[in-house]
Structure formats: structure tokens, C-alpha cells
Amino acid sequence: ISGVAIYTGMETKMALNYQAKSQKRSAVEKSMNVFLIVYLCILISKALINTVLKYVWQSEPFRDEPWYNQKTEPERKRNLFLRAFTDFLAFMVLFNYIIPVSMYVTVEMQKFLGSYFLTWDEEMFDEDTGEGPLVNTSDLNEELGQIEYVFTDKTGTLTENNMEFVECCIEGHVYVPHVICNGQILHDCTGIDMIDSSPGGSGKEREELFFRALCLCHTVQVKDDDSVDGLKKNQLSRRSCIYISSSPDEVALVEGIQRLGYTYLRLKDNFMEILNRENNIEKFELLEVLSFDSVRRRMSVIVKSSAGDIFLFCKGADSSIFPRVKEGKIEQIRSRVERNAVEGLRTLCVAYKKLTAEEYSNAQKLLQNAKLALQDREKKLAEVYEKIERDFILLGATAVEDRLQEKAADTIEALQKAGIKVWVLTGDKMETAAATCYACKLFRRNTQILELTTKKIEEQSLHDVLFDLSKTVLRHSGSLTRDTFSGLSTDMQDYGLIIDGAALSLIMKPRQDGSSGNYRELFLEICRNCSAVLCCRMAPLQKAQIVKLIKLSKEHPITLAIGDGANDVSMILEAHVGIGIIGKEGRQAARNSDYAIPKFKHLKKMLLVHGHFYYVRISELVQYFFYKNVCFIFPQFLYQFFCGFSQQTLYDTAYLTLYNISFTSLPILLYGLMEQHVSADTLKREPSLYRDVAKNALLRWRAFIYWTFLGVFDAVVFFFGAYLLFDNTIVTSNGQMFGNWTFGTLVFTVLVFTVTLKLALDTHYWTWINHFMIWGSLIFYIIFSLLWGGIIWPFLNYQRMYYVFMQMLSSGPAWLGIILLITVSLLPDVLKKVLCRQLWPTATERIQNASRHCREHISEFTPLACLKSPGYRSSDCSNSPARRSNSHSKKTMFTHWKGVDYSVLPSVFGYSNKPCRSSAGYRFSGSGLETSV
Amino acid sequence: MKNKMGFTLQEGEAQPSRCPDNSAFKQQKLPAWKPQLTIATVLSSFFLIGAFCLSVGICLILSSNSIREIQIDYTDKCSDCSKLRENTSNWNKECYCSANFTLKEDILGDVFMYYGLQNFYQNHRRYVISRSDAQLLGRNVNIQKSYCAPFTTYRNGTPMAPCGAVANSMFNDTIDLFYNINSSVIQVPLLKTGNSWWTDKNVKFRNPKSHNLSSAFAGTARPPYWQKPVYLLDEEDERNNGYINEDFIVWMRVSAFATFRNLYRRLGRIRQFKDGLPAGNYTFHISYNFPVTKFKGRKQVILSTVVWSGGRNPFLGIAYVVSGATATLTGFVITAIHLKLRKKKTYFQR
């Protein structure tokens, strides 16, 4: 070879399937920004109100400029508007603390530091591969607690992508290459188990031909030493050679055949060498390779045996082989193939034909012409392949197993219990994928499967099919009071939808009349009512399309995509959270993902435990930050009404500066890192707890308004409490008077204590670090205040705080006032908590109660036993918070309306050019072996 | 509340991992105290808080009731004087007036005399910052750089001592108290010192160092509204003169609100006033200098006793009683709800 032309650029398969990376923001961040805007409005309106009131108040000259408080000359001369504007800005500066700038710093720190807990987690560490979870972005930590849809790849994600040759069927006789006992495969056993009786003479010949076909019909390369770049270092490493292929199926087949006695040695000088059962080396000249493509879904080789016979061996998906077969035991093999497919095995059929020298030269000529064609080469090649690959004699079929990853079923079950809808997106064929879905409990025995496949669409028009399905689905959901969060209620009919790539592209395709949204809406409606959806034969971009479709549907659910291969990258990038499996198919997915985990099973802990924790922590953090700044600034706002709107600060500058930096920042940061409102084990055991935080539950408007009003209430208590305490009276026991700075310091002391104790009341998990931080920051406040007021600071040009704090502490009424105000401002929140817990407990609180109950009474019993009490079960129907039933009724209404709407629609949208479209879709989607895409 | 220790590290030890260090911290399994809102803790805390607040409140109300306070507004009683003061050109004309009151009972214990001002915005920002703490510390500072404007220097460049609006507007009425007994009039002894914070008097306010006070203030002038320079504030007592004059120090601590009172004098408990003020007729003799009518203000003179809980202020006591009562009531409500719910629950479980 003197040169190789490699096509690079934007039209390669890689680049075409590439999805532009976009900035991902979490739902928490979005609501944070909305809250911020609200606060910005509050800030501006506060400043405006005060500016206006200031000028109203000042309209009387004895107030504007009394004799004791005169303006300077320049001040007097200044333009009124300029003055008003300056005043407005001054108010803005005075109140700006209500916009918690420090919140952003704290949130970033919380996310960054918090993400370490994920990487440190021992349970997420995989012993086999020595890999732990990777965190590529810490921005989305809390999004892990908000997931509503999980889109998972099948091969390599749900399954191990560790292909195992299970059996082959030759002429209806089944060969199993190893003994299977108790589900465990003993690799050492090399004997052939023949389930059926051994075939006779001609059968023997076919059998040998079959093995040779498998040995020859592939594109596997052989590496002699172990120094392969980590791709196939598994069980083969003890052998002298290692097979490498773009598709793990081929490797599995060649290895499987090796166990049956035929070893593929190498390709040398265009001769393929195989070692047969008698340990003789057979040589075949490789004449042509009709390589695999996802449209044909088969590949062929033309070889010439040492005896001079020319064979064409072909291997491919059953659907592409059977139509081209003219003889062989088609029926027997077909039934076997179908049985295997249902069991979740990946099947391939093998066929051959013998070519005469004349036929071969014809074929070669055709191929040569096509290969040299300058225009439409692919099309011409396809035509030639079509011509050559026909009139086969069927040899048999193989079955390769891709085992499920450990605990995949358990994980999926947990996710479904947590109210997450799991979709499987795969490039595999429907039967295989469906079988895997059954195996991993995505579909159950009582799940009614709805099919939306090309086959069905060929029978009816897409419109009708969709329509029928939606009717089936909606009939149930309309009549029954269905908890929309639950995909698992036993009394309900479960639906599982299977859709393939071609049908999807039809649905997604915008129609000429521009009313493209219709089918999508209908499709989405169906999907929403299905507990599980399986999308098979998906092209990588189609996966992303599906994710996008769901992402942009009107509920804007939070989506998560998980995959291991390069073909999942676009979906990983598209979803709100992309998770890569650090798997066999390279690190491309892991590198493009937001988080990478070694195994699918780790998803459970990641979402249910870490995600839940992160969400609870950050939502409290955000709300608390707004709360504490309202508490901080609102008294300052109120004070303006008493000081002639003169922008006089209530607190000393040092307090203003340090409030957010040192007095109140560390406890909440630590809360954001350490809080565990229930134990991690409980969260893992009770996936339904995940629903308590679903849909951004802790950052809803109601919660936000509650926190804001709590802040305002506390601020009012601080300010007016202190005001009434100071109101024209003596606050000391020695008759001396306090000034404005003492007043401000008293308010500030109450503020710092209240805000910190409020956090202490919210903390459910007190480690020594929490104790240290919470009590430490209070002690720090006291020490700082003592120091700040204890010295005449030489670098300051004012000494207004001198001994103010000490004098305050020396006064009895001030102490009594501080204690009273702290108590009064904390009690309502405690009361609200207690009442809510008693009257409308959330599932989390019930679990907390129950676990405590159990610990108190019968400690040997698991908490689960207690949870079986009817009180808990009734939560779903009667006691559940209003939000659930709300969302439900809205949904029902919508579905009714939708249904009516569609029934009115005439079926104008019939497909005249349907075959053409479906074939177009097919080219995108059809890829039998996912890995070769 | 139950004290439950968190997970121990047994699991981690049982399975040796390739992860190098798996501390309890990293696995988020630090031993922790997990307090929970149990009905017992909640109820007991509510009742405890209720009982505490109620008892403190009752104590406060009782002690507050023993406080005697006499408040006399002399703005209108001296209407002639206040008219006179409305015109600034009359600043050096003296004006006196008096106010009478009768004590039906003795006021026992320490009696404090306050002057009160209403509608005087001492907390206005422009006013609050208009002072120089460095100057008051006795340092030789360039007050041009301070915030004293517009009361910094005179046109001819003479700096004001003390500078700033706060000092300039110092309360300058003189109030004397006379006891009318059997048609003879006795001046009630009043103490000028001990009325300000000890730290203010001894640390925060210092006179400039010099051999005598008038030379210390040489080169400066009195603030425009003052009748006499700062070194003549108290000619009788050297240690109460200049910046460390207590009336001045008290004034310089600006109040939090527009209605306020400042400590003016304490009763000197000697002779017949050993136990306080005896019952009888009293007269305040007021040298009326401080104009308030221009800003619609009012002036009072107040006599009050003080106990451990401060002066007369019903707020604290009432607030304690009210919150104590609320907490107790809430405790009962929670109990009722709890009992009702528990009945329901047991019914379900049968």
C-alpha cells in the first residue's frame, strides 16, 4: 500500500452524529435565578418606595433641613433630580444585601466540594475494573435528585457487552459449546454438548461447512501478544493470540467456534488459516469481502479452498438471510432463531453457496466495476451485493448472549418505584431488545405491550396506529384515578410501548402542511401513559431526538441519559444529565458525560441517595440564603421609616460586611455538605422517597414564599421587638441610655442567633463538624463583637462601636429582650414543622417516624415491617399533599380534551408516499450490530 | 430525643477496597446525633418555654409596677421663651420659666432626671456622621478631612471645637429642681457626673493635652450655636470640662429614634433626700435655651426610678406573658391533635 485516503471532516459518520455541546443548567439553578429576579424587583421597589417617601417626608422644610441638621452649600445647590437619583442609588446600596451575592459563592463551593463525596463513595467503586465514579461537572449534582426520565442504552449499559457464544443450530441440531450448570458457565469445559442426536452423513458435512463459515466469514484481526491497548484483555489473555474486531459479536463467534474445535489462526498473504479439529491447518484464499453494512445487515466472504472450490459464506440478521435462501431446513432454524431472540440472545444466520469459477469471475467483474465507480458508488455496490448474495443454502444460526449487568433489574425496579420512567433506546432488533427488557424487569408479565413498529405501520397508516394506541392507553387512564407518579400500581394495567426507529422518524418528520406537532403530541401522550418504553433500531441522532422530544414536552421533565458507547454521546449531551458508563467501548461516552460510573447498578445509589441528598441540601441552602438576607435587610428597610429616610444604616459597617462572610456562611455551607435528613440506607431501601423531592418540590413558589415570609416575619419581630424595647425608655439597670448603635447591635445579635438556630433546628444530622461550625460561628460572633468594641481602633475615623456590645450585655433588659425575640421568631417555624408533620406528613417524615418507632419498640424488626402499616399505604390516596392530586386532575383534563380533539380530526393525513419514507428512515436507523455504527 | 450513633465502619473493613482511604467522613458515615421532632420533645419544649416566659413575664410586670416616673412637658409652659427662641437673633437673651408638680408619695431609691426630646431626628444620617471622633479623642487632627461639614470651620478658617452637627446642636437648657417645703425653697442636690458610660468618659473622650484647658483649645472656636466655648462647659469641675463634660458626652451618643431621652442629672442622696424624693411640691427652674418649636418638637423633663429590668416599659413584661401563654396554648393544641391522630391510627391498625 503506498497511500491511504482517509475522509475526514464534517461529513464523516462521527461528525454527522455529533451533537453540539450546550451549557447545562440545573433546575435548581433556574429557579434560583427566578427567585433572584423576584428579589431584584423587591430591592428596586424598596429603594423606589423609600426614595418617594423620602421626598414626601422632606416636603416640609422643618424636616428637610432643621436648624440642628443643616446641609452643606453644594448639597443645597444640587439639582433635585440628581439628588433623587443619588438617593435612589444610596438606597440600592443600603439594601443590596438582599441579593445574596455570597450565595453564588457558597453554592459553587457546595457543589464543587459536594461532588467529592460522589467520587469517594466506596459503593460506587468497581472492583473488577478498578474504576470509580467520575464527576465531569459539579453543576448538575442536585439535578440527580430530580430525574423523571431515564434513557438508557442497552448494549454495554444494561448488558455487559461481554458477548458469550451460547449455542449454534446447524440444520436444526443444537450445539452448545460449554456446560451450563446452575446458570454458571464453566469456561474450562471444552466438550460439545449436543442436545439433539448427532446428524448423519450429509449433516456432518454441513456441520463442518458451518464451522468453517463462521471461521472465515468475519473481519476479525489477530494480535499475537498481550500488548493490545487495553481493549480485549479479558479471559483471553492466557492464550497466545487475541482477536480484535469492531464488533464484539464477531469476536464471540470466533471464540465460540474455537471452543468447538475450529481455531482461526491468522490472515496471511490473503490466505486465511484455520486449525481444524484434527489439528490440521487448512488454508483458504480470501477472494472478496462483502463488508457489513447496517442496511443489508449481513456480510459475506468469497473464499477459495485448497481444493479449489469457491465458496461464498454469508452471515447476517435472520430477516436479511431468510429471503435469500433457496434450500435448507428453514422452518426448524427459523423457530430456533425466534426462540433465541425471545430469550434475549443476539442471533445471526449463516448461509453459503458454492460458486463456479465462471460465476465467481462474473461476480468479481461486477464488484470491480462497482468499486471503481466514481458516482453513486455505494448504490452500485449495494446493487451488486444484491445480485451476488442470493440463492443461499441455509446452514444454521448462532446465538450470542450479552449478559445483563449485575443488579440491572434491581436498579430498574428501584428507579421505577422512585417514579422515574425508564426508556431503553437501542440499535438492536426488536425481539432481542424486548427480551432484554423483560429480563431486566422493565416489562413485567402483566405489562401490556403496545407496538408501534414499521411492520404495524405497513398494515395500517401511522395515523390509525397512533390513534388506536392512544385510545387503548387513555381509556384506562381516563377512567381510573391514576397516580401519575406511579408506574407500578398493581391494580392498574401497565403499558409498555415498543417503537422502532423508522416509525419514530415518521412521527418526528414534519409534514408538508406544517401541522407537525400533532403526531408528536399524540405520541407523547401515549408515552406518558406507558410505564416503560423501548425504542429499538435507533440511530445515535435519533436517540438524541427522543431525548429532546421528551425534554421539550410541555411538562419539561428532567431527563437523564446513560450510555457507554460513542453512539450514545449525542443523547448524553442532549439530556439534562448525561451519564457515561466507563465500559468497553472506549471512554468517549464517559468523557462527554457529566458523570461517569463503572456500572449501571451504580445509577441507583447515584440518583436515590446522592441525588436526593444533593437536592435536599442545595434547596435548603438556596432558601436559607434568601431567608437570612431578608432577615438581615428588612429591619434596615423598616429603620428608614424612623430615621427620616436618610439611608442611615442600622448595623455597623463591620457587621454589614461580615454577616454573610463569616457569621452565617459556614454553618450553611456545612449543612450543604453534610446534611442527611434520612439515612443513606433508608433512601436506598425506599426508592419511593425520591418522589418527595420530585418536580423541584422544595423550591416551589409555595416554599419560596413561605421562606420569604418567614424572613419578613422574623425581621419584623427583630425590629419592632427591639423598637418597643427601646421606645423612649430606659433599658439599663443603672439609668444610663443607649444610642442607635446599641439598638442596631441588639437587632443584629438577635438576627445572628435566630438565623443560626433556625439552621440548627433544620439540621437532622449532627456530626462533630456541625456542632463545631454552628456553635463556633456564634462564639465567633461574640468574640468578634467583644474585640471590635473593645479597642479604640487607630485606623478608623469613627469609634462608634466602642464598648457598645459590652454595655448591651451588661444590661438585664437587653438580655431578656434578646432571649424573647429569638424565641418568638423561632417558634412559628417549629410550630409549622410540628403541625405539618402531624397532619400532612411526607413519605420521608413517615419513614423517619417509623424508623424511630421501630428503634424504640422492637429493635430487631426491620423498619420495613413497620412501614407496612396501613397508615403508610393510605398516603397515596387520601393523605397525599395537594400538589399530587392537583397535577393529576390537570392531566386527566388534558387527556380528555386531547382525545376529543383527535376523534374530530378527519384522517386526511394518510400516507401516500409511505414506503419511500419508511425506507428513508430505515437507512438511518437500521443497524443490527450497534457497535459497528 | 434519641441519641443514635451513626454507622460504624465495619463494612469498609470487611471488604478491603482498592480505594486507598475510606474514612467515615468520605463515606458520609461520620457518627452523628440525629435529633428528631418527637411529640414528647416538642410538647415538653413548648410547655417549658411557656412556663419560662410566663414566669419571667409576671416578674417583669411586678417589678415594672414598682417604678415611679414623672414626666413634665414644658414646651407649652414656657411659650414665651419658645417664641423668643424661634428668632435666632435673640440667641443671647436669657429666658427662664418654671414648672410645678406635686408628689403625693415619696419616691424611694435612686432618682434619675432625664430630658426628653420629641421629633428631633438625631438618627438622621447626615446628622449621625457629622462628628469627628478623632477630635474628641483629643488628637490634633485636621477636621477638614472629617465628615463634620457644614460645621467644620468658620469662614475665616478657625476650626470649630468640637466640630459637627451633633456637637453643635447640644442640648443647652439648664434644669434645676427645687423642693418647696413649708414655704421655704430648697434646691434638690443633683449630680452632674456618673451619667455617662465609664468608657466614654475615660477613654473615648479626651481633652487635648496642654497645661490648662483654655490653652488646649487655643486656635479653635466654639460651635456657632453654643453660647460659650467648650472649655467653659463646667467651670466648677475641671474633670467635667471640655470634651469630657458629661452633658456633652451624653449628647454625643445619638439616639436610635426621633423621640428619645437622655440622662441629665442624678439625685444626690444627702440630707432629706437620703431615701429619695420626699412627697411634696416641687418646681423645675428651667433656663430655656434649646429651640424646638421650629421643627415641631417637644421637650420634657422626666424623673424616674430604675430597677433591674430598666425603667418603666410595660412591653417586655407583656410580651413575655403573651408569648408564654401562646406557647402553652399551642402545646395544648398539639396534644389534642396528637391524641386525635393516634386514635385514628390505632383504629386503622386493628
Side-chain angles (χ1 to χ4, degrees), chain A residues 62 66-72 117 120-122 125 127 130 132 642-644 646-648 676 680 724-726 728-733 735-737 739-740 743 764-767 792 797-799 802-803 807 812-813 816-817 820 823-824 827 831 833-834 837-839 848 852 855 869-871, chain B residues 12 17-19 22 26-28 30 32-34 36-37 42 49 56 112 121 123-128 133-134 149-150 165 169 197 199 203-204 253-257 259-263 294-296 304 306 308-313 315-316 319-320 323 327 330 334 337-338 341 345 348-349:
Chain A
F62 74 86
W67 61 264
Y68 58 85
N69 187 13
Q70 287 169 7
K71 295 178 185 174
T72 54
F117 284 116
W120 283 334
D121 193 338
E122 202 179 25
F125 188 82
E127 294 284 335
F642 295 88
C643 70
S646 60
Q647 298 112 28
Q648 174 59 33
Q676 295 178 28
L724 291 171
L725 185 69
F726 268 67
N728 197 21
T729 182
I730 308 145
V731 198
T732 55
S733 323
Q736 293 173 354
M737 296 305 295
N740 65 330
F743 177 76
H764 293 97
Y765 192 76
W766 285 83
T767 62
I792 296 276
N797 57 6
Y798 59 84
Q799 308 296 341
Y802 187 66
Y803 259 71
Q807 284 286 343
L816 287 176
L820 175 76
T823 317
V824 168
L827 271 187
L831 182 66
K833 256 193 217 164
V834 171
R837 222 186 156 84
Q838 289 271 311
L839 298 174
Q848 285 172 348
R852 193 193 60 241
R855 240 184 290 137
S869 71
Chain B
S17 167
R18 265 188 274 171
C19 296
N22 277 313
K26 286 185 175 181
Q27 297 307 314
Q28 307 193 57
L30 276 179
W33 173 54
K34 297 169 187 164
Q36 278 176 344
L37 285 173
V42 167
I49 289 170
V56 171
F112 297 86
Y121 279 83
N123 57 3
H124 196 282
R125 182 166 164 272
R126 201 193 314 137
Y127 184 84
V128 171
D133 281 344
S169 60
W197 295 9
T199 46
V203 185
K204 201 176 161 186
R253 179 157 299 281
V254 294
S255 71
F257 297 99
T259 299
F260 64 96
R261 56 173 77 170
N262 274 342
L263 184 54
K294 278 206 262 177
F295 56 85
K296 300 195 173 158
S304 174
V306 163
W308 60 275
S309 61
R312 172 177 283 177
N313 185 7
F315 164 72
L316 209 52
Y320 261 104
S323 40
T330 319
I334 294 173
I337 291 174
H338 178 67
L341 280 184
K345 242 179 226 167
F348 265 118
Q349 274 164 357

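Predicted model only: the values in this text are computed from it and were never measured. Hydrogens, waters and symmetry mates are skipped; everything else that's a heavy atom, side chains included, is used. Per chain, numbering begins at 1; letters A, B, ... match sequence-line order.
Within the 4.5 angstrom heavy-atom criterion, only side-chain atoms of F743(A), from C-beta onward, approach chain B. With a 4.5 Å cut-off on non-hydrogen atoms, V254(B) touches chain A through its backbone and its side chain both. If you measure heavy-atom distances from I49(B) to chain A, the contacts under 4.5 Å come from the side chain alone. Of the two parts of S255(B), only the backbone, made up of N, CA, C and O, holds a non-hydrogen atom closer than 4.5 Å to a non-hydrogen atom of chain A.
Without hydrogens or angle criteria, R126(B) side chain to S646(A) main chain gives no donor-acceptor distance under 3.5 Å. Without hydrogens or angle criteria, N69(A) side chain to A165(B) main chain gives no donor-acceptor distance under 3.5 Å. Panel note: side chain W308(B), backbone P813(A); no donor-acceptor pair is recorded below 3.5 Å. A distance-only check finds a donor-acceptor pair linking the side chain of Q676(A) to the backbone of Q28(B) [under 3.5 Å]. Checked by atom type and distance alone, the side chain of Y121(B) never pairs as donor or acceptor with a backbone atom of P66(A) at under 3.5 Å. Under a 3.5 Å cut-off, the side chain of N123(B) and the backbone N or O of Q648(A) do not form any donor-acceptor pair.
Remark: R125(B) pairs with no residue by the salt bridge (Lys or Arg N to Asp or Glu O under 4.0 Å) rule, at least two apart or across chains. K294(B) is linked by a salt bridge (Lys or Arg N to Asp or Glu O under 4.0 Å) to nothing, counting only residues two or more places apart in sequence or in another chain.
Rounding to the nearest 0.5 angstrom, the gap separating the CG atom in N740(A) from the CZ atom in R253(B) is 8.5 Å. Rounding to the nearest 0.5 angstrom, the gap separating the CD1 atom in I730(A) from the CZ atom in R312(B) is 10.5 Å. Note that CH2 of W197(B) is 11.0 Å distant from CE of M737(A), once rounded to the nearest 0.5 Å. For the atom pair OH (Y765(A)) and NZ (K34(B)), the distance works out to 5.5 Å, reported to the nearest 0.5 Å.
The aromatic rings of F295(B) and Y68(A) sit perpendicular to each other, their planes meeting at more than 60°, with 30° as the lower class boundary.
Between S323(B) and L820(A) there is a side-chain heavy-atom pair separated by less than 4.5 Å. At least one side-chain heavy atom of L816(A) sits under 4.5 Å from a side-chain heavy atom of Y320(B). Side-chain contact between L724(A) and N313(B): absent, with no pair of heavy atoms (C-beta onward) separated by less than 4.5 Å. Looking only at side-chain heavy atoms (C-beta outward), R837(A) and V42(B) stay at 4.5 Å or farther from each other.
Of the listed residues F260(B), F257(B), F112(B), the one with more heavy-atom pairs under 4.5 angstrom with chain A than any other is F257(B). Heavy-atom pairs under 4.5 Å with chain A were tallied for T199(B), N262(B), I337(B); the largest tally goes to T199(B). With chain B as partner, the option from H764(A), Q647(A), Q838(A) having the largest number of non-hydrogen pairs under 4.5 angstrom is Q838(A). Heavy-atom pairs under 4.5 Å with chain A were tallied for V128(B), I334(B), T330(B); the largest tally goes to V128(B).
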Checklist entry - When you look at V203(B) and Y803(A), which way does the side-chain contact (heavy atoms from CB on, under 4.5 Å) test go after all the steps? => result CA-CA 10 Å; V203(B) 185; Y803(A) 259 71; over 6 Å; no
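Annotation for V306(B) and S733(A): closest pair CG1-O, 3.3 Å, computed over non-hydrogen atoms.
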